[in-house]
Amino acid sequence: MPPSTCLRSFSRLSIDVTAQTSIAQRLGRPQVALFTTSATRHATAPKRKGMTAAPKKGVKSLNTKKSRKAAAMDTGKRPAQGERKALRKRIVLSNNNALEVSSLKNLSKDNVLSEQNEGKVMGLPEEEVVDALRAVDAFKATQGWGLFRRPAVLMRKEAIQLAKLLREVEGSRTGQQKKTIRRILSGERMSGKSTLLLQGLSMGFLRDWFVISLPEAQDIVNAHTEYAPLPNSNPTQYTQDTYTANLLQQIQKANSRFLESTKLSTKPMLDIPLKPNATLKELVAVGTANPEASWPVFVALWNELSQPGRPSIMLAIDGLSHAMRNSEYLSAEVKPIHAHDLTLIRHFVDHLSGQKKLPNGGIVLAATSKSNSPTSAALDFCVEVAEARQNAPDNIPQWNPYKNVDARVMETLKDLNTDSTDLDVIRVGGLTKNEARAIMEYYAESGLLRHTVNEGFVSEKWSLAGMGNIGELERTSVRLRI
Amino acid sequence: MPPRISITSLARSIPYRPKPSVQWPARSATRFSPAQCRLYSDSKATGTNDRSGRLDAQPADHVSEEKSKVAEAMGEEGPDMSRGTPVEEIVKGDKAAQEKLPKVMKDKLKASGNAAPKGSRSYSTMTTQTGANNELDMGLVDISSASNAPTTPGLKFEVPSLPLPKDGHVKHRYDPVVEQVTNLLMRHGKKSVAQSNMALILQHLRTSPIPTINPAKPLLPGAPPPSHLPLNPILYLTLAIDSVAPLMRIRSQRGAAGGGVALQIPVPLGQRQRRRAAIQWIMANASKRRNVGSGRGSFAQRIAQELIAVVEGRSSTWDRRNAIHKLGVAARANIVLPRKR
């Protein structure tokens with residue numbers, strides 16, 4: 001039989017220890033030892049403070065204490081909240097030290113779609129395009145805009161290809177059926193996919209298209225902004241009010257000329273009253289000011305844009321693979337929400353898959369990323385198949401049956417596996433040597449490359465840059481990255 | 001040792017005969033022949049180096065010989081060939097020829113003419129450059145070297161134009177200063193991180209505004225104007241480092257002074273060592289700076305700001321160097337030179 005102490009210990013569970021101690025103290029009873037007595041037995045009397053044994057004679061004691069003088073505390077003002085991040089994400093588009101390139105011509109409404117530009121470096125016009133591109137966050141901090149006097153782009157082969165698509169859409173305007181062209185930009189890391197997307201956007205701005213750009217798909221799916229289920233949706237979709245309001249503001253800044261000059265032609269179903277005969281700008285302003293109404297405003301704006309006689313639409317997204325997987329959001333059942341259930345992504349994907357058409361024509365552009373891309377096996381496979389179709393039609397890869405297939409993504413991108421050219425892949429490869437020469441001459445004229453640009457030098461750098469990968473070319477010749 | 005006369009660098013062969021009484025035999029074995037003392041480095045077969053025996057490759061007659069030949073042809077009396085050529089008289093007023101003179105004669109000319117103004121500094125900051133060219137490297141690669149070598153039949157590839165470009169050697173293809181700074185930036189053997197930091201530093205220098213030079217903290221003599229610096233970040237970096245590089249270090253010799261005091265002996269540093277000391281000072285100052293941003297580029301940014309501060313004369317590295325120099329001057333009596341025999 002166990003001693004009674006143990007039983008008593010059992011009866012006093014740890015939950016009501018506090019209650020017990022107060023009673024124990026009041027009654028003046030010694031505290032009952034719990035199962036083991038070794039702790040109390042080994043406990044020694046607490047040492048008095050300031051009593052240390054005198055050092056033995058002839059023995060050097062190791063002084064491990066830090067010096068009396070504490071390290072000087074940094075008492076300066078800390079950067080304010082968000083200041084560090086703002087510094088990190090700052091976009092600089094000009095370097096006053098770089099030389100002005102006298103031969104640089106601007107892109108304009110007339111020459112932007114011309115094939116004569118192929119292999120030339122063209123400046124982006126300041127007031128029309130650069131401000132708009134800045135408004136839609138098209139410039140990235142990692143790109144080299146800050147090295148040159150002003151933003152300029154190389155009209156490479158793929159850019160001309162894109163210009164041709166714009167012309168195709170504009171040419172089809174006279175007919176009844178207006179074309180919707182969908183393209184996915186793929187290519188090696190640093191091959192200029194995001195810059196090509198930016199070039200597409202600037203073409204859209206110059207040709208007076210209506211440009212809607214989702215600057216980074218990651219920002220939509222990474223659960224950094226609030227979300228709420230969309231009422232009356234089955235299966236449940238989720239709106240992101242703050243993000244959408246911000247997007248509306250970007251749209252308003254980038255397309256302000258069109259929005260100001262156009263009056264409402266439909267009656268949007270909004271809770272907030274709009275005065276009759278309001279312009280589209282006022283409609284967008286309502287969405288910007290009231291985030292909870294932002295999604296209905298976006299839908300209303302889209303309805304307006306779908307009316308006949310409205311401009312063509314350029315719909316773009318960067319970092320597509322983030323949009324082709326589960327998002328970081330959780331549903332009420334604590335299940336991950338697929339990115340396609342977020343209304344903004346859903347809206348884009350519907351147009352990318354061809355499920356919905358752009359009534360006034362337009363281009364849906366999606367850029368993939370190689371440096372920031374979570375695995376999306378279905379997307380990778382579809383892009384691979386489409387590239388194989390272009391290059392080696394007799395050797396088309398097969399789906400690995402041991403991989404998990406994301407059926408929704410496969411369904412979205414199924415047009416890549418067919419012969420239809422509406423949805424296709426633009427492979428952004430290396431520059432040709434002529435293009436490399438053009439851009440290196442631009443570098444040299446800007447004063448950033450101190451070398452004569454001759455054939456030998458161009459071929460050397462072209463080869464070092466992995467057969468003309470433009471990012472590597474910039475790295476080796478301008479950024480002095482050894 | 002008599003000063004070596006570099007005859008190979010003269011445009012025309014001017015025999016230097018300081019004493020007319022001493023006449024060397026025409027084909028003496030001790031004759032200072034340019035073909036024998038041909039330097040390994042000057043491989044260009046021009047002028048006196050060309051041993052091909054062609055008529056146009058034979059060296060031209062020197063001034064006096066030429067003149068005497070002309071005089072002979074004209075039937076006049078030429079200069080006295082038994083006496084030396086009065087070189088000073090010949091080159092008088094001819095700037096290009098004066099530059100080709102041997103050092104002794106140049107010094108003589110300079111001493112007689114206007115002397116260069118003395119610097120205000122109490123000690124010299126000049127050291128001999130180990131590189132081939134004596135001016136600062138302006139970073140212009142391959143701009144002037146045009147190969148006009150004749151095409152030789154029977155070669156599969158073109159003959160490389162000599163001298164080879166300075167990045168022609170695979171192990172020394174990058175700028176030595178950049179390489180040294182990169183290696184000193186490296187931590188835990190992560191060279192590629194150091195290289196990307198180096199690229200960020202250079203990019204920061206490139207985009208920073210034109211520095212204003214503090215006249216109290218003069219940069220290296222021969223430095224380009226400050227407006228040229230941001231466009232040539234490697235030169236900017238080199239200039240900042242070389243300007244604050246100390247000339248010597250102070251070695252403390254224990255027990256040499258007696259009384260338990262270490263004897264402080266200044267020891268001269270080589271170019272690479274001087275740069276190393278300067279880079280480490282700059283890096284130490286940079287790491288003491290406040291980190292304002294976030295992300296990976298912040299250390300590179302601080303180093304770049306410190307480099308700019310050095311060029312603008314705001315950095316405490318200058319005081320540190322001046323202190324070392326002052327100490328070196330004070331302790332110069334402690335240097336024990338080997339006794340001359």
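For the numbers below, each heavy atom of this structure counts, side chains included, while hydrogens, waters and symmetry mates do not. Residue numbers begin at 1 in each chain, while the letters A, B, ... track the order of the sequences.
- Using a 4.5 Å cut-off between heavy atoms, B:Ser208 touches chain A through its backbone atoms (N, CA, C, O) alone.
- Residue contact with chain B, scored on non-hydrogen atoms closer than 4.5 Å, is absent for A:Ser94.
- Atom NZ of B:Lys190 has 12 or fewer neighbouring heavy atoms from other residues, nucleotides or ligands inside a 6.0 Å radius.
- Taking 4.5 Å as the limit, every side-chain heavy atom of A:Asn97 sits out of range of all side-chain heavy atoms of B:Arg206.
- Within a 6.0 Å radius of CD in A:Glu455, other residues, nucleotides and ligands contribute 12 heavy atoms or fewer.
- Each of B:Val178, B:Ile201, B:Ile234 was evaluated against A:Leu480; a single residue qualifies, B:Ile234, per the side chain to side chain contact (heavy atoms under 4.5 Å, CB included) test.
- The shortest distance between side-chain heavy atoms of A:Arg88 and B:Arg296 does not fall below 4.5 Å.
- At a 4.5 Å heavy-atom cutoff, the contact between A:Val478 and chain B is made by backbone and side-chain atoms alike.
- Side chains of A:Ile482 and B:Glu179 form no contact here, defined as non-hydrogen atoms less than 4.5 Å apart.
- Annotation: side chain of B:Ser192 is in contact with side chain of A:Arg481 (closest heavy-atom distance under 4.5 Å).
- A donor-acceptor pair is defined here as one N or O able to donate and one able to accept, closer than 3.5 Å; no such pair exists between the side chain of A:Arg84 and the backbone of B:Gly295.
- The nearest pair of heavy atoms linking B:Thr207 to A:Asn95 is CA-OD1, 3.7 Å.
- Atom CG in B:Leu200 sits 8.0 Å away from atom CZ in A:Arg479 (nearest 0.5 Å).
- The 12-atom threshold is exceeded at CE of B:Met186, counting heavy atoms of other residues, nucleotides or ligands nearer than 6.0 Å.
- For chain A, the nearby parts of B:Leu231 are the backbone and the side chain; heavy atoms of each come within less than 4.5 Å.
- Proximity to chain B is absent for every atom of A:Ala86, based on heavy atoms less than 4.5 angstrom apart.
- Using a 4.5 Å cut-off between non-hydrogen atoms, no part of residues 310-320 of chain B approaches chain A.
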